[in-house]
Amino acid sequence: NEVQFAASNKLKNTNYQNVYNDIANVIRENDEHDDYIGSGPVLLRLAWHASGQFDSKQEIKGGSYNGTLRFDKELSDPSNAGLKYAFDLLKPIYKKYNHQISHGDLFTLAGVVAVQEMGGPKIPWRYGRVDGDIETVPLNGRLPDANQNANYVRNFFHRLNFLEDKEIVALIGAHCVGKTHLKNSGFEGPWGAATNMFTNEFFRNLLTEKWVLEKNEAGNQQYNNDKGYMMLPTDMALVQDGSFKKIVEEFANDESSFFKVFSSAFNKLLENGIKFEKSSPVLYFKTLDEQDI
Ligand code: HEM
Ligand SMILES: N=C(N)c1ccncc1
C-alpha cells in the first residue's frame, strides 16, 4: 500500500513548479553562503550524493529512490561532509508539503533547481520516489575518491551505468561551480575564483591554465595554478587520458554540446535504478527569471 500512498499523495504536475520555486527562493535567500558563492553548488552536490551511491550488484542498491541521505547513518559518511547544511535548507520545504513529496524527489529536484538557477541546461525530471526505511540505507564508502586516476574514474562511473566517456566527462563538469573545503574533503580551493555560474569554464581552465601538483595542508596532492584555481587529481585525469581529453576539448569549444550531454547524464544519474510508472510525466521547469519572479 506504500505505492498507493505515494500515488494518492503525489502533487499535481503543476504544483512541482511551486516546489521548484520554493527551492530556488531558498537559494536566492542564502546567497551569502560560502563567501557569497551561494547555496547552489552544495545543493547540486547533495543531489549527486543522494544518487551516486547506486550499485546494482549490491543487495541494498542505493540510488535516489529511498531518500536515504536523510538518515544520519548516510549523512555522516565522510564523503558527505558539508551536506547537512544543504539538507537543513530543504527541511522547511519538506514540512511545507507535508509528506506530499518524498525526500528522494526533493533531493533530486533540488539538484535540477541548482543547475538551472545557476544558468545551466534544463534537466528533465520525474517524481515518484518513495521514502524507504533505515534498512534501505546503502553502506558508506560508495562515493568516489578524488585522489585517483582516469581508469579509476572510468570504472567508478561504469558502476553507475555510465558506459560512455562523454557522459562521465560531462558529469564531472559540474565542478564548474562551487569549491573544495579542507574540513570537508581534505582539499582546498579555488580561492576567490569559485563560481556559481554553470558554464564550460571548468573544461577551458583544464586546457589553458598551467597546473602545478602540490601537497596541501591535509597532505593530499592537488593541482594549483597561479590564479588560485585548483583541480582534484580526478579532475586532472580528464586531460591525462586521451579519450577523455578529446571530449574536454569538445566541451571547452562548444558549451551547448556540454549542456546537452550533461542534461541527459544528470537525469540518468538522478533516476538510476528506478522503474517509473509508464504514466509518470517527464517535467521541465521554468527558472525564476523565466517567470519574471
Ligand atoms: C570522480 C568523481 C568526483 C569526485 C572524486 C568528486 C569530488 C569532489 C570533492 C572532493 C569536492 C569537494 C567537497 C568539499 O570539500 O566541500 C567536490 C565538490 C563538488 N562536487 Fe564533486 N566529485 C565528483 C563528481 C561530481 C559530480 C558527478 C557532480 C555533479 C553532477 C559533482 C558536483 C560537485 C559540486 C557542485 C561540488 C561543489 C560543492 C560545494 O561548493 O560545496 N561532483 N567534489
Ligand atoms: N576543480 C574545482 N575547482 C572544483 C570545484 C568544485 N568542486 C570540486 C572541484
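Each ligand, and each atom within it, is numbered from 1 in the order the structure gives. Positions are given from 1, in the same order as the sequence printed here.
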Asker: Quick check on side-chain contact (heavy atoms from CB on, under 4.5 Å): which of F251, F258, F262 does V169 satisfy it with?
Answerer: F251
Asker: Show me which atoms of ligand 2 lie under 4.0 Å from any heavy atom of T180.
Answerer: 8 (C), 9 (C)
Asker: Return yes if some donor-acceptor pair links the side-chain N/O of D131 with the main-chain N/O of G67 below 3.5 Å, else return no.
Answerer: no
Asker: What residue and heavy atom of the protein are closest to atom 3 (N) of ligand 2, and at what distance?
Answerer: M230 O, 3.1 Å
Asker: What closest approach, in Å, do S263 and K122 show between heavy atoms, and which atom pair accounts for it?
Answerer: OG-O, 2.7 Å
Asker: Numbering the atoms of ligand 2 from 1, which are under 4.0 Å from a heavy atom of G178?
Answerer: 5 (C), 6 (C)
Asker: Which of the atoms of ligand 2 are close to M231, meaning less than 4.0 Å from one of its heavy atoms?
Answerer: 1 (N)
Asker: For the NZ atom on K91, are there more than 12 heavy atoms of other groups (residues, nucleotides or ligands in this structure) within a distance under 6.0 Å?
Answerer: yes
Asker: So, Y65 and T136: side-chain donor and acceptor under 3.5 Å apart, yes or no?
Answerer: no
Asker: Would you mind checking which non-hydrogen protein atom is closest to atom 10 (C) of ligand 1, with the distance to 0.1 Å?
Answerer: S185 CB, 3.6 Å
Asker: Check atom 21 (Fe) of ligand 1 and write out every protein N, O or S atom at under 2.8 Å, as residue and atom.
Answerer: H175 NE2
Asker: Report yes if some N/O of H181 lies less than 3.5 Å from some N/O of ligand 1; otherwise report no.
Answerer: yes
Asker: For atom 35 (C) of ligand 1, which protein heavy atom lies nearest, and how many Å away is it?
Answerer: P41 O, 3.3 Å
Asker: Salt bridge or not for D165 and K246, using N-O below 4.0 Å?
Answerer: no
Asker: Is the centre of the Y94 ring less than 6.0 Å from the centre of the F87 ring?
Answerer: no
Asker: Tell me whether the centres of the aromatic rings in W125 and Y20 are closer together than 6.0 Å.
Answerer: no
Asker: Under a 4.0 angstrom heavy-atom cut-off, which atoms of ligand 1 come close to N184?
Answerer: 14 (C), 15 (O), 16 (O)
Asker: Please list the nearest protein heavy atom to atom 6 (C) of ligand 2 with its residue and the distance rounded to 0.1 Å.
Answerer: V177 O, 3.4 Å
Asker: Quick one: look up the protein heavy atom nearest atom 3 (C) of ligand 1 and list residue, atom name and how far away it is.
Answerer: P144 CG, 3.7 Å
Asker: Does a salt bridge link E188 with K179, judged by any charged N lying under 4.0 Å from a carboxylate O?
Answerer: yes
Asker: Which ligand 2 atoms, with their elements, are less than 4.0 angstrom from a heavy-atom of P190?
Answerer: 3 (N)
Asker: NE2 of H103 to OG of S64: how many Å apart, nearest 0.5 Å?
Answerer: 13.5 Å
Asker: Which residue and atom name correspond to the protein heavy atom nearest atom 1 (N) of ligand 2, and how close is it?
Answerer: D235 OD2, 2.9 Å
Asker: Pairs of nitrogen or oxygen atoms closer than 3.5 Å, one from T234 and one from ligand 1: do any exist?
Answerer: no
Asker: Is the side chain of D254 donor-acceptor paired with the backbone N or O of S257 at a distance under 3.5 Å, no angle test?
Answerer: yes
Asker: Nearest non-hydrogen contact with atom 7 (N) of ligand 2 belongs to which option: R45, H175, E201?
Answerer: H175
Asker: Under the salt bridge (Lys or Arg N to Asp or Glu O under 4.0 Å) criterion, do D22 and K96 qualify, and how do the steps go?
Answerer: CA-CA 10 Å; D22 287 343; K96 170 181 174 181; 2.8 Å; yes
Asker: Answer yes or no: is there an ion pair linking D133 with K73, defined by an N-O contact shorter than 4.0 Å?
Answerer: no
Asker: Please classify the T180 to ligand 1 contact at 4.0 Å (heavy-atom distances, strictly less than): side chain, backbone, both or neither.
Answerer: both
Asker: Using non-hydrogen atoms of the residue, decide whether N205 is closer than 4.0 angstrom to ligand 2.
Answerer: no
Asker: Look at the aromatic rings of H33 and Y85 and report parallel, tilted or perpendicular, splitting at 30° and 60°.
Answerer: parallel
Asker: Atom 40 (O) of ligand 1: which protein heavy atom is closest, and how many Å away?
Answerer: K179 N, 2.9 Å
